[in-house]
Chemist: 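Have a look at this one.
The figures here come from the full heavy-atom set of this structure, side chains too, leaving out hydrogens, waters and symmetry mates.
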Protein chains: 2
Amino acid sequence: MTPLTSKQRQSRATQERLLAAAFEEFQLHGLAGARVDRIAERAKSNKRLIYIYFGNKEQLFDVVVQRSLEKMIDAHAVPLPDDLPGYAVELFDYLEERPEVFRLFWWRHLERRDTSEVEQANYRDKVARIAEAQRAGRLDAKIPAAHLFAFLLGVVQSWSLASDALRDAAGEDATRDRRRESVREAVARVTGTSMG
Amino acid sequence: MTPLTSKQRQSRATQERLLAAAFEEFQLHGLAGARVDRIAERAKSNKRLIYIYFGNKEQLFDVVVQRSLEKMIDAHAVPLPDDLPGYAVELFDYLEERPEVFRLFWWRHLERRDTSEVEQANYRDKVARIAEAQRAGRLDAKIPAAHLFAFLLGVVQSWSLASDALRDAAGEDATRDRRRESVREAVARVTGTSMG
DNA sequence: GTATAGTAACTATCTAGTTAGGTACAACCG
DNA sequence: CGGTTGTACCTAACTAGATAGTTACTATAC
């Protein structure tokens, strides 16, 4: 690490502020709905710098998504596959604490179809681990590994995915603790862990 | 039904073309990304008529969403709650045939938070039926009814929700038939139907 | 001939991206 | 050291094109 001059430090700080502001804007409004001017303003910075540092709006969006993705992957590197319900609950908590992150991912899913290297590698790795556990007989193998992982993600996200109308219908049962325990139970059942 | 004049019939036809074009535009680009000009063009009609018939872009969006929602609810009115896996598979097929419909719903979820009467009633009804079956002992009651239904929807949507990266990781297992059977099995496990 | 369906051209506003310039920090020179 | 200059960081004002919504008009069925 070369020591940074004060100018460089300031520059980095500005970039961080821009990224944070962009994250906020994009998770709220998506790519098409986001306004470059608002991002600059929110960052207490200047629009020009966005184009200098990040190229254009789309590239900024991609950088923001990529960073959030990496952060999430880093936060959940280890715990697979012998405690899938535990992993699901961990992800559930992550999601509950950061609904904005998932909003951002949905926007990307709708507005930009492409999928990054990091992401592909991550999925391949996790699916491979589950498949390995299945071959070793440590996990029920009736449902293929990739399906199992897809369902796990589906269950974990089901509440934020569901319309508010459904949440309303849940009434008292909609507290976070109860939802968490249901997620654990559901994933245990799907993965066959509850019978093991 | 009053008999329609030819003018009225033509007017209705124009409205239908506008709605169809709007559906296409909105499911592709969302509310913010949609272009009123493109909708008019696609409908081989005129922009002005959109404002006459539907008010403005947002109201048009709401009408389009509402219609799709009602169509979907009508298509799946009956089959709950004693064969939840069957219901899930039916929904799964509906989704596979009409991914655009779900894209539209996701856009709405991100871009407009409100939730319609029809939708609320629909959820309340379905959750109530499941709860009833639980009370009657026909269905495992460890997971609350609303949670069960949320998970069912999560599992059904998990594939279209998942990043393409995960689909890639599934390889040969990603055929629709195999995915359908996994959905059936997963929902059976979550709802406890497989043990019954 | 008049009300209803339809059209094209227009406008005010907004927005991504750019131009032209200013400011402050460091480095070099006298 | 004190001043000068180059350069990296930053800013405000601008532009060209797009976009939601309107106005003013024509055509056609009854």
Side-chain angles (χ1 to χ4, degrees), chain A residues 1-65 104 107-108 110-112, chain B residues 1-65 107-108 111-112:
Chain A
M1 302 295 145
T2 58
L4 299 177
T5 67
S6 76
K7 276 194 146 184
Q8 285 171 318
R9 251 180 291 115
Q10 192 182 356
S11 171
R12 292 288 173 84
T14 302
Q15 290 180 47
E16 285 306 320
R17 265 181 294 123
L18 283 171
L19 283 169
F23 173 89
E24 199 56 25
E25 180 72 11
F26 285 133
Q27 73 89 4
L28 279 173
H29 306 289
L31 177 55
R35 295 293 164 251
V36 177
D37 286 300
R38 278 201 297 253
I39 294 173
E41 191 185 7
R42 196 174 237 137
K44 289 188 204 301
S45 180
N46 191 281
K47 194 162 49 147
R48 184 74 239 273
L49 295 180
I50 290 172
Y51 293 94
I52 289 176
Y53 291 137
F54 303 105
N56 60 30
K57 192 184 173 185
E58 289 198 355
Q59 290 175 50
L60 176 59
F61 184 80
D62 290 343
V63 170
V64 167
V65 168
L104 185 70
W107 286 117
R108 192 207 42 167
L110 287 171
E111 299 190 283
R112 319 214 83 199
Chain B
M1 303 290 146
T2 58
L4 299 178
T5 67
S6 79
K7 275 196 147 184
Q8 283 172 318
R9 252 180 290 113
Q10 193 182 353
S11 171
R12 292 288 173 87
T14 303
Q15 291 180 47
E16 283 306 318
R17 268 182 292 121
L18 283 171
L19 283 169
F23 174 88
E24 198 56 24
E25 180 72 12
F26 285 133
Q27 72 89 3
L28 278 172
H29 306 289
L31 176 57
R35 294 294 163 251
V36 176
D37 286 299
R38 279 201 297 253
I39 293 173
E41 193 185 7
R42 197 172 235 141
K44 290 190 203 298
S45 178
N46 190 281
K47 197 161 51 146
R48 183 74 240 270
L49 296 179
I50 290 173
Y51 293 94
I52 289 176
Y53 291 137
F54 304 104
N56 61 27
K57 192 184 173 186
E58 289 199 356
Q59 289 176 51
L60 176 58
F61 183 81
D62 290 342
V63 170
V64 167
V65 169
W107 284 117
R108 189 204 47 162
E111 298 190 284
R112 319 216 83 200

Chemist: Please give, in whole Å, the distance from D:dC9 P to A:Phe54 CZ?
Modeler: 13 Å
Chemist: Take atom CG of A:Leu60 and atom P of C:dG17, then tell me their distance rounded to the nearest Å.
Modeler: 10 Å
Chemist: For the residue pair B:Phe26 and B:Val65, establish whether any side-chain heavy-atom pair is separated by less than 4.5 Å.
Modeler: no
Chemist: Do any N or O atoms from the side chain of A:Lys44 and from the backbone of A:Arg17 form a donor-acceptor pair under 3.5 angstrom?
Modeler: no
Chemist: How long is the line joining CG of A:Leu49 and C1' of C:dG22, in whole Å?
Modeler: 13 Å
Chemist: Does B:Ser11 make a side-chain N or O approach to OP1 or OP2 of C:dT4 shorter than 4.0 Å?
Modeler: no
Chemist: Considering non-hydrogen atoms only, spot the tightest contact between B:Ala40 and B:Lys47 and give its length.
Modeler: CB-N, 3.4 Å
Chemist: Aromatic rings B:Trp107 and A:Trp107: how do their planes relate, parallel, tilted or perpendicular, breaks at 30° and 60°?
Modeler: tilted
Chemist: I want to confirm an ordering. Mapping A:Gln10 and A:Lys47 to their closest nucleotides on DNA chain C, which one lands closer to the 5' end?
Modeler: A:Lys47
Chemist: Let me know the distance between CD1 of A:Ile52 and P of D:dT11, rounded to the nearest Å.
Modeler: 11 Å
Chemist: Whole angstrom is fine here: how far is it from CZ in B:Arg48 over to P in D:dC25?
Modeler: 14 Å
Chemist: Rounding to an integer number of Å, can you tell me how far B:Asn46 CG sits from D:dT23 P?
Modeler: 15 Å
Chemist: Classify B:Ala13 by what it touches in the nucleic acid, base, sugar-phosphate, or nothing, heavy-atom distance under 4.0 Å.
Modeler: nothing
Chemist: Looking for any heavy atom pair under 4.0 Å, which part of the strands does A:Ala32 touch: base, sugar-phosphate only, or nothing?
Modeler: nothing
Chemist: Indicate yes or no: does A:Glu41 engage A:Arg35 in a salt bridge with an N to O separation below 4.0 Å.
Modeler: no
Chemist: Establish, with yes or no, whether the OP1 or OP2 oxygen of C:dA5 is under 4.0 angstrom from a side-chain nitrogen or oxygen of B:Tyr53.
Modeler: no
Chemist: Rounded to whole Å, please give me the gap between CG in A:Asp37 and P in D:dC14.
Modeler: 15 Å
Chemist: Establish, with yes or no, whether the OP1 or OP2 oxygen of C:dG6 is under 4.0 angstrom from a side-chain nitrogen or oxygen of B:Ser45.
Modeler: no
Chemist: Check every atom of C:dT15, D:dG21, D:dT19 against the side chain of B:Lys57 and return the nucleotide holding the closest atom.
Modeler: D:dG21
Chemist: Would you mind reading off the distance between B:Tyr51 atom OH and C:dC10 atom P, rounded to a whole angstrom?
Modeler: 18 Å
